[in-house]
Asker: 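Below are the structure tokens for one structure; questions will follow.
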Amino acid sequence: MNHQIVPLKAGLYFVATPIGTARDITLRALDILASADVIAAEDTRSLRRLLEIHGVPLGQRPLLAYHDHSGAGTRGKLLDYLSQGKSVAYASEAGTPLIADPGYHLSRDASEAGYLVTSAPGPSAIITALSLAGLPTDAFFFAGFMPNAKNARKTGIEAVKDVPGTLVFYESPRRLVEMLKDAAHVLGGNRQAVVCRELTKKFEEVQRGTLLELVDIFHERTIKGEIVVLIDRAGANESSEDDVETALRKALETMTVRDASEVVAQAFGVNKRKIYSMALSMKD
Ligand code: SAM
């Protein structure tokens with residue numbers, strides 16, 4: 001048995017659940033699920049299944065379905081439990097509640113009413129994707145799901161074009177290629193990007209490349225599963241070929257091919273060999 005029954009203070013506990021592999025749940029999450037007076041879940045069936053997998057008995061405790069569209073009804077009931085001094089655990093279907101998932105209205109109302117709101121942190125597709133994508137993580141912006149309609153999607157991407165950090169999107173497999181094409185159109189096809197699919201699951205896949213390379217990789221495939229798209233910030237890689245060429249020509253006026261290539265490659269953060277062959281052809 002991995003869980004323990006622990007005394008919980010009255011309050012609302014947001015509990016993160018796995019995004020693929022059931023054993024990614026934390027021990028504390030199990031303790032809270034085992035000990036809370038009341039459990040609420042976006043999807044009660046998947047929560048029951050998770051409890052079963054980990055041998056956590058629900059017993060006679062209430063299990064309520066709640067998502068933000070449940071409206072004031074169920075939310076009112078959960079707030080009533082809090083007012084009676086109960087501990088309430090809430091889990092969304094997968095990952096961290098409130099992250100492209102329900103919980104925001106509940107969190108806001110519970111904290112405004114002065115109840116303890118706390119969390120048992122754990123998996124989230126955003127962090128999982130950032131940790132293995134290989135793009136900078138010093139700053140990132142989670143843009144959630146882009147709209148389905150093409151124009152609205154382009155406008156959505158345009159709005160985050162100049163964010164000085166890695167962009168993180170959730171995307172449906174059906175729209176992945178269209179989204180990558182729109183991103184290439186708005187941000188430039190040369191931006192580095194990463195598609196993470198089925199994270200922590202059997203068919204986990206990570207594809208890295210420019211936006212155009214990724215369109216090429218995915219456009220003829222039937223894509224299934226859950227997807228996170230990450231896109232590098234505008235920066236060194238965004239310098240146009242023209243900028244690189246101009247700088248290289250200038251450098252060649254005063255430097256050897258080798259030195260000029262080295263300086264320009266470093267300045268623009270681009271591949272040295274590519275610049276070297278460009279410099280050779282210029283000299284010719
Ligand atoms: N609350 C969740 C979290 O913390 O990541 C996200 C819920 S949101 C409704 C579901 C979306 O998250 C999916 O459509 C996909 O974009 C992303 N996602 C969730 N699990 C994933 C996984 N295992 N691999 C890749 N993306 C995943």
Asker: Check for a donor-acceptor pair, side chain of Arg61 on one end and backbone N or O of Ala36 on the other, with a separation under 3.5 Å.
Answerer: yes
Asker: So, are Lys150 and Asp182 salt-bridged, with charged N and O less than 4.0 Å apart?
Answerer: yes
Asker: Quick one: does any side-chain atom of Ser35 pair with a main-chain N or O of Val6 as donor and acceptor, under 3.5 Å?
Answerer: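 A pair under 3.5 Å: yes.
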Asker: Check this for me: does any side-chain nitrogen of one of Lys201 and Glu204 sit under 4.0 Å from a carboxylate oxygen of the other?
Answerer: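 Looking at Lys201 and Glu204, the cut-off is not met.
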Asker: Can you name the nearest heavy-atom pair linking Leu252 to Ala279, along with the distance?
Answerer: CD1-O, 4.0 Å
Asker: Would a distance-only check, ignoring hydrogens and angles, find a side-chain to backbone donor-acceptor pair under 3.5 Å from Thr26 to Gly122?
Answerer: no
Asker: If you take all heavy atoms of Ala110 and Leu12, which pair is closest and at what distance?
Answerer: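 Scanning both residues completely, I find the closest heavy atoms to be CB-CD2, 3.7 Å.
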Asker: So Glu171 and Val228, side chain to side chain contact (heavy atoms under 4.5 Å, CB included) or not? Walk me through it.
Answerer: CA-CA 6 Å; Glu171 194 46 272; Val228 183; over 6 Å; no
Asker: Side-chain contact, heavy-atom cut-off 4.5 Å: Leu82 with Leu116?
Answerer: no
Asker: Are the side chain of Ser131 and the backbone N or O of Thr128 linked by a donor-acceptor pair below 3.5 Å?
Answerer: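 It does hold such a pair.
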Asker: Between Glu198 and Lys202, does at least one N-O distance fall below 4.0 Å, as a salt bridge requires?
Answerer: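 No, no charged N to carboxylate O under 4.0 Å.
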Asker: Strictly distance-based, threshold 3.5 Å: is any side-chain N or O of Asp31 a donor or acceptor partner for the main-chain N or O of Gln4?
Answerer: yes
Asker: Consider only side-chain heavy atoms of I, L, V, M, F, W and Y, link residues closer than 4.5 Å, and tell whether Leu63 and Tyr90 are in one cluster.
Answerer: no
Asker: Taking side chain as C-beta onward, heavy atoms only, is Leu199 less than 4.5 Å from Glu226?
Answerer: no
Asker: Is there side-chain contact between Asp232 and Pro136, with at least one heavy-atom pair below 4.5 Å?
Answerer: yes
Asker: So do Asp37 and Val88 actually touch side chain to side chain, heavy atoms under 4.5 Å?
Answerer: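 No, every pair of side-chain atoms sits at 4.5 Å or beyond.
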Asker: With a 6.0 Å cut-off on ring centres, are Phe169 and Phe142 close enough?
Answerer: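 Ring centres of Phe142 and Phe169 not closer than 6.0 Å.
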Asker: Sub-3.5 Å donor-acceptor pair from the side chain of Ser261 to the main-chain atoms of Ser277, do we have one?
Answerer: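 Side chain of Ser261 to backbone of Ser277, a donor-acceptor pair under 3.5 Å: no, none is there.
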Asker: Does the side chain of Phe14 come within less than 4.5 Å of Val117's, by heavy atoms?
Answerer: yes
Asker: Does atom CZ of Arg221 have more than 12 heavy-atom neighbours, drawn from other residues, nucleotides or ligands, at distances under 6.0 Å?
Answerer: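 Buried by this count: over 12 neighbours within 6.0 Å.
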Asker: Taking the side chain from Arg23 and the backbone from His54, do they hold a donor-acceptor pair closer than 3.5 Å?
Answerer: no
Asker: Looking only at atom types and distance, does a side-chain atom of Thr21 sit under 3.5 Å from a main-chain N or O of Thr200, one as donor and one as acceptor?
Answerer: yes
Asker: According to side chain to side chain contact (heavy atoms under 4.5 Å, CB included), who are the partners of Asn148, at least two apart in sequence or on a separate chain?
Answerer: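 Result, side chain to side chain contact (heavy atoms under 4.5 Å, CB included) vs Asn148: Arg175.
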Asker: Could you give all pairs that pass the ring-ring contact (aromatic ring centres under 6.0 Å, His included) test and reach residues 97-124, with sequence neighbours left out?
Answerer: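 Output for this query is empty, none listed.
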Asker: Show the atom names and distances, to 0.1 Å, of all donor-acceptor pairs under 3.5 Å that link a side chain in residues 207-216 to residues at least two apart or in another chain.
Answerer:
residue: Gln207; atom: NE2; partner: Glu205; partner atom: OE2; Å: 2.9
residue: Arg208; atom: NE; partner: Ala133; partner atom: O; Å: 2.8
residue: Arg208; atom: NH2; partner: Leu132; partner atom: O; Å: 2.6
residue: Thr210; atom: OG1; partner: Glu213; partner atom: N; Å: 3.1
residue: Glu213; atom: OE1; partner: Thr210; partner atom: N; Å: 2.9

Asker: Given salt bridge (Lys or Arg N to Asp or Glu O under 4.0 Å), test Arg48 with Asp43 step by step and report yes or no.
Answerer: CA-CA 9 Å; Arg48 271 180 200 278; Asp43 181 341; over 6 Å; no
Asker: State which residues pass side chain to side chain contact (heavy atoms under 4.5 Å, CB included) with Val163; sequence neighbours excluded, sorted by chain then number.
Answerer: Phe141, Val160, Leu167
Asker: Please identify each residue that fulfils side chain to side chain contact (heavy atoms under 4.5 Å, CB included) with Leu51, with sequence neighbours left out.
Answerer: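 If we apply the side chain to side chain contact (heavy atoms under 4.5 Å, CB included) test to Leu51, skipping adjacent residues, the hits are Leu33, Ile39, Leu47, Val56, Leu58.
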Asker: Quick check: is Tyr170 connected to Phe140 through a chain of hydrophobic side chains (ILVMFWY, heavy atoms under 4.5 Å apart)?
Answerer: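 Yes, it is one cluster - the side chains of Phe140 and Tyr170 are joined through contacts under 4.5 Å.
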Asker: With sequence neighbours left out, which residue pairs that include part of residues 64-81 fulfil the side chain to side chain donor-acceptor pair (under 3.5 Å) condition?
Answerer: Tyr66-Asp68, Tyr66-Arg75, Arg75-Asp109
